[in-house]
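Just so it is clear, the structure is predicted and the values come from calculations on it, not from any experiment.
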Amino acid sequence: MAQNKSQSSKDPINNVEEAEKAEKAENGEGNSKKKEQEELPPFEIVEGSRIPASSFMFQFKNVEYSSGRNKTILCYTVERPEGQIFHGYLEDEHVSAHAEDAFFTSVLPQFLTSGSVTVTCYVSSSPCVNCAASIAQCLRRYKTLRIQLAVARLFQWEEPETRRSLKGLRSAGCPVRMMRGADYIYVWKNFVEPDITLDEEGKEVVKDEHQDFIPWEDLEENSRYYEEKLSEILR
């Protein structure tokens, strides 16, 4: 299951509850923002094979205004010529952490010892400028590497620098597309762990091992909206 890797200290807003605490701090409620920052735990990258269903449904929801969604979850498949396929995911626990950078600099190189490799990443949002640069650099370094990204939302897509970085990814040979319904179903089946409940004795049991992904009402509409924006950027 999940493993934690300690990194340098960052400023996190991991979920809705912490986002509300941060908002109160900015409005002068509770202790000062400086004190809150000093008490933060060290930054962690979480690795594992299966995402909790609740985290997936919240973080991958393709809404336009992603309030509280300040972490990135990256699910990956790595295919090697001999037919081996590896699955896993990473998530950054704090707002300043970058799961994409961790994957392309620390995880992926172990699969690039020989032969061609095809990587597909399903990410809760498109990469920031620095992460896009890391991906492009990885492609330049490993000539037999093929990468494609499927993203749920576009990150800061109105910023000129972000738009240039997305164009740069395409030029480097990394196509970026928006996730559609079929992608959500694939990720649900291959990366999301079943809901856990407690039995009468208080032991954890799988609630429904064969539970299907239930899309939210405007999933496809939101995907089309983001596809239009991405198409405009890549023209």
Side-chain angles (χ1 to χ4, degrees), residues 1-5 7 44-51 55-56 59-60 62 71-93 97-155 157 162 164-193 213 223 226-227 230 233-234:
M1 298 304 293
Q3 301 176 6
N4 294 343
K5 291 190 175 181
Q7 304 285 340
E44 296 174 330
I45 285 286
V46 174
E47 294 184 47
S49 57
R50 293 275 176 175
I51 313 164
S55 294
F56 170 77
Q59 297 295 342
F60 274 83
N62 58 351
K71 68 164 63 178
T72 301
I73 297 180
L74 181 150
C75 304
Y76 63 86
T77 64
V78 178
E79 300 180 48
R80 303 185 71 170
E82 58 270 27
Q84 290 179 299
I85 300 178
F86 304 89
H87 293 83
Y89 86 93
L90 292 86
E91 64 178 89
D92 50 56
E93 282 293 316
H98 297 230
E100 303 98 320
D101 187 55
F103 173 71
F104 285 99
T105 60
S106 301
V107 177
L108 183 58
Q110 66 183 301
F111 299 107
L112 301 176
T113 53
S114 63
S116 61
V117 172
T118 300
V119 177
T120 302
C121 294
Y122 301 89
V123 196
S124 55
S125 65
S126 59
C128 69
V129 174
N130 291 336
C131 285
S134 292
I135 297 171
Q137 182 179 9
C138 193
L139 281 165
R140 287 192 295 268
R141 181 177 180 182
Y142 301 101
K143 301 300 183 182
T144 60
L145 175 62
R146 299 291 178 267
I147 303 172
Q148 63 172 331
L149 302 181
V151 301
R153 300 184 303 277
L154 292 177
F155 174 73
W157 57 269
T162 301
R164 286 193 295 271
S165 71
L166 290 173
K167 286 184 177 181
L169 275 178
R170 182 183 62 177
S171 299
C174 177
V176 181
R177 62 179 178 83
M178 304 310 303
M179 290 178 63
R180 298 299 296 265
D183 297 305
Y184 281 92
I185 292 172
Y186 176 82
V187 174
W188 180 268
K189 289 181 177 179
N190 291 279
F191 295 98
V192 176
E193 63 184 11
F213 171 67
S223 291
Y226 274 124
E227 283 176 346
L230 182 59
I233 292 170
L234 298 179

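Atom OG of Ser125 sits about 6.5 Å away from atom CZ of Phe155, to the nearest 0.5 Å. Atom CD in Glu193 sits 8.5 Å away from atom OG in Ser55 (nearest 0.5 Å). Once rounded to the nearest 0.5 Å, the distance linking OH of Tyr76 with OG1 of Thr120 reads 13.0 Å. Atoms NZ and CG, on Lys167 and Leu169 in that order, are 13.0 Å from each other to the nearest 0.5 Å. One finds the SG atom of Cys121 at 9.0 Å from the CG atom of Leu90 (value rounded to the nearest 0.5 Å).
With sequence neighbours left out, the side-chain hydrogen bond (donor to acceptor under 3.5 Å, both in side chains) criterion links Ser116 to no other residue.
Between Phe111 and Phe86, the two ring planes are tilted [angle within 30° to 60°]. The aromatic rings of Tyr186 and His87 sit tilted relative to each other, their planes meeting at an angle between 30° and 60°.
Between Phe191 and Thr77, the closest side-chain pair of non-hydrogen atoms falls below 4.5 Å. Phe60 places a side-chain heavy atom less than 4.5 Å from the side chain of Met179. With contacts defined as side-chain heavy-atom distances shorter than 4.5 Å, the pair Glu91/Thr72 does not qualify.
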Taking it one step at a time, do Asp101 and Asn130 satisfy side chain to side chain contact (heavy atoms under 4.5 Å, CB included)? CA-CA 8 Å; Asp101 187 55; Asn130 291 336; over 6 Å; no

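Between Arg177 and Glu227 there is no salt bridge, since no side-chain N of the basic residue sits under 4.0 Å from a carboxylate O of the acidic one.
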